[in-house]
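When a ligand or atom number is given, it counts from 1 through the structure's own listing order. Nothing here was measured: the structure is a model prediction, and the numbers come from that model.
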Amino acid sequence: QGPSVAIVGVTGAVGQEFLSVLSERDFPYRNLKLLASKRSAGKQITFEGREIVIEELTEDSFHGIDVALFSAGGSISKKFGPIAVHKGSVVVDNSSAFRMDEGIPLVIPEVNSDAMSHIKLSNKKGALIANPNCSTIICLMAATPLHRHAKVRRMVVSTYQAASGAGAAAMAELEQQTREVLEGKPPTCNIFQRQYAFNLFSHNSAVMQNGYNEEEMKLVKETKKIWSDPDVKVTATCIRVPVMRAHAESINLQFEKPLDEDTARQLLRQAAGVVLIDDRASNNFPTPLEVSNKDDVAVGRVRHDISQEGNHGLDIFVCGDQIRKGAALNAVQIAEKLL
Ligand code: 2RA
């Protein structure tokens, strides 16, 4: 008798990926409730050979729900997450609403599952677990095995983020603009109010007082929380690039202890959820296309940082599927830890 599961935001890109991942991983749900806005209520979704009717999300949606996977934006999570917890559900929230709250576990299962070890469905008690931001997940999947071995003192991250991070509409607009530009037509700019096709631009999140945007500050703050290391120095520059659904990240690391390239490669080869693609002879390294729709984060360009003294610096390049490991897969892996 597995858990009863609800998906909040089932019509979105991540909501749809929740369904794919639950099915592919044969998650042992007893029943499945699909929740979305009034606009989508009543529509049917074919899942595992049966028709499921989407229900409108209301305060009464969580009776008897053991696990509620949320990906419907921060305001929906803020309003309905606590209601679900009060009804006894364990909420896995993909929004940023609760990530930095004291006492709310922010979890990448391969990295810090101990942060949620006190939460089990058998406790029959509601709780909320936050899914980190996609660019944080993808970065830390690669950086953590190295951090555990040689302790990162400083991390510099440059991200190249896919359209999917801005939602299904942004993916559709990228495709539409690409066609329009190739046909010599003016690009339709509704999502980003600028041409996206054949272009790139600073991440579309708000720029804060310190000149960093919200996406960059998520990487900085979430890394410190997930590593339980408030002193680690992190800086980031997040860029939106014309790629559909996988993020790429260039990561420079400064370690407390020496770490040579070969040891780093060995650690990455052994890391769960990571695949090493690091073939200098054929100039073959991770690409967003090759990790798209896949679970693993790919790491390559592993090299000693020649600008740092001794063996304390390393550069790596990482790609990961933003909708999958960056959101839906990570959340379902958290749910699996509850069983
Ligand atoms: C982005 N990290 O890629 C965000 C998605 N939540 O824009």
List of N/O pairs, ligand 1 versus protein, all under 3.5 Å?
from: ligand 1; atom 1: 2 (N); to: Asn133; atom 2: OD1; distance (Å): 2.9
from: ligand 1; atom 1: 2 (N); to: Asn133; atom 2: ND2; distance (Å): 3.4
from: ligand 1; atom 1: 2 (N); to: Glu215; atom 2: OE1; distance (Å): 3.4
from: ligand 1; atom 1: 2 (N); to: Glu215; atom 2: OE2; distance (Å): 2.5
from: ligand 1; atom 1: 3 (O); to: Gln161; atom 2: NE2; distance (Å): 3.0
from: ligand 1; atom 1: 3 (O); to: Arg240; atom 2: NH1; distance (Å): 3.3
from: ligand 1; atom 1: 3 (O); to: His247; atom 2: NE2; distance (Å): 3.3
from: ligand 1; atom 1: 7 (O); to: Gly165; atom 2: O; distance (Å): 3.2
from: ligand 1; atom 1: 7 (O); to: His203; atom 2: NE2; distance (Å): 2.8
from: ligand 1; atom 1: 7 (O); to: Arg240; atom 2: NH1; distance (Å): 3.3
from: ligand 1; atom 1: 7 (O); to: Arg240; atom 2: NH2; distance (Å): 2.5

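Note on Asp296 versus Lys325: no salt bridge recorded, every NZ/NE/NH1/NH2 to OD/OE distance being 4.0 Å or above. Salt bridge status for Glu183 with Arg179: absent, with no side-chain N to carboxylate O gap under 4.0 Å. A salt bridge is absent between Glu216 and Lys221; no separation between the charged side-chain nitrogens and carboxylate oxygens falls under 4.0 Å. Contact check on Arg30 versus Asp66 returns a salt bridge, with a Lys/Arg side-chain nitrogen under 4.0 Å from an Asp/Glu carboxylate oxygen.
Judged by a 6.0 Å distance limit and a 45° cone about the ring axis, Arg194 is positioned over the six-membered ring of Phe201.
For Asp305 and Asn252, the side-chain atoms include at least one donor-acceptor pair closer than 3.5 Å.
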